[in-house]
There are 2 protein chains.
Amino acid sequence: MRNLHHPRVDELTLPDVLHALSDPVRLQIVRTLAEREEMSCSSVEASVSKSTLSHHFKVLREAGVTHTRVNGTHRLVSLRLDELEERFPGLLEPVLEASRAESRRAAAA
Amino acid sequence: MRNLHHPRVDELTLPDVLHALSDPVRLQIVRTLAEREEMSCSSVEASVSKSTLSHHFKVLREAGVTHTRVNGTHRLVSLRLDELEERFPGLLEPVLEASRAESRRAAAA
DNA sequence: TCGAAGCTTCGGCATCCGTCGAACCTCTCA
DNA sequence: TGAGAGGTTCGACGGATGCCGAAGCTTCGA
């Protein structure tokens, strides 16, 4: 895959972004991403197959939540923090915080 | 329908809430609700049928975003603002703001 | 140059979602 | 008490979604 499609910041829509964030696996990815700046697809710990993970990365990228760049044999994924903040101010942080809280909750249970 | 089910605040989950907010029609409902405190189901201007609207109200209610009380022949729906804020601090306001901006955008186009 | 690492794509499957119209329920009021 | 207003439920339909394993594509390194 040569050309990775990334929507422009003015093409992002709220429903698409919220939908991208409404899946537990994707939320986990985003949470991890928020702690690491940039990461390869394979460094997510999720209980789904490689192809499913790839699918989730695609959904996040096409909704405009993440950016993916190719580096040798692997892809490096990062959050489009600044652009998200520009287009939907204040949106991501509470989601991340709530997601962390929910993850702690699950760990405690 | 006698017993409307409303999840307790500690039963709300982030994916459910985000999913409930990821549909344009539901976003419009929530936006309207944010301006009016309480409203009846029929006072939404949406280009979908009555049954579809009813479905969307149900999704919002079951995700914990709204509260519905019966008053005579109609239902009065309101946002569960305080509880949402308690469970997911800071989440709703940016969503509302982004949704308003998107709606203005659409109106300008 | 060939093998392996790292992803994506494909095909398929079961489930969910948004949508509609028709039928139904319940409360109010004439 | 019966008609109507305001919603919900039902059944159906087409399309999207999440999931998987197998196969394919690229790039690096031996």
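Hydrogens, waters and symmetry mates are skipped; everything else that's a heavy atom, side chains included, is used. Within every chain, numbering begins at 1; the chains are lettered A, B, ... in the order of the sequence lines, protein sequences first and strands thereafter.
- At a threshold of 4.0 Å, the pair B/E62-B/R80 does not count as salt-bridged, since none of the basic side-chain nitrogens sits closer than that to a carboxylate oxygen.
- The CG atom of A/D16 sits 13 Å away from the C1' atom of D/dA16 (whole-angstrom rounding).
- A salt bridge is absent between B/R105 and B/E102: the closest approach of a Lys/Arg side-chain nitrogen to an acidic carboxylate oxygen does not fall below 4.0 angstrom.
- Paired with B/L91 under the rule side-chain contact (heavy atoms from CB on, under 4.5 Å), one option of B/L96, B/L84, B/V17 passes, and it is B/V17.
- Taking only side-chain nitrogens and oxygens, A/T73 never comes nearer than 4.0 Å to OP1 or OP2 of C/dC7.
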Base versus backbone protein contacts along nucleotides 18-23 of chain C [heavy-atom cut-off under 4.0 Å; B, S, -]: SBBBB-
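- As judged by a 4.0 angstrom heavy-atom cut-off over every strand, A/S42 is placed among residues touching the sugar-phosphate backbone only.
- Taking atom CG on A/L18 and atom P on C/dC17, their separation rounds to 16 Å, with Å as the unit.
- The SG atom of B/C41 sits 8.0 Å away from the CD1 atom of B/I29 when rounded to the nearest 0.5 Å.
- In this entry the distance linking CE of A/M39 with P of C/dG6 reads 14 Å, nearest Å.
- Look at CZ on B/F57: it is 8 Å from P on D/dG7, rounded to the nearest Å.
- Under a 4.0 Å N-O distance rule, the pair A/R87/A/E11 does not qualify as a salt bridge.
- Rounding to whole angstrom units, CG of residue B/L27 and P of C/dC17 are separated by 17 Å.
- Between the CG atom of A/L76 and the P atom of D/dT26 there is a distance of 19 Å, rounded to whole Å.
- Counting only heavy atoms from C-beta outward, the side chains of B/H67 and B/E38 never approach each other to under 4.5 Å.
- In this entry the distance linking CZ of A/R69 with P of C/dG6 reads 16 Å, nearest Å.
- A/K58 has its NZ atom 15 Å from the P atom of D/dC19, to the nearest Å.
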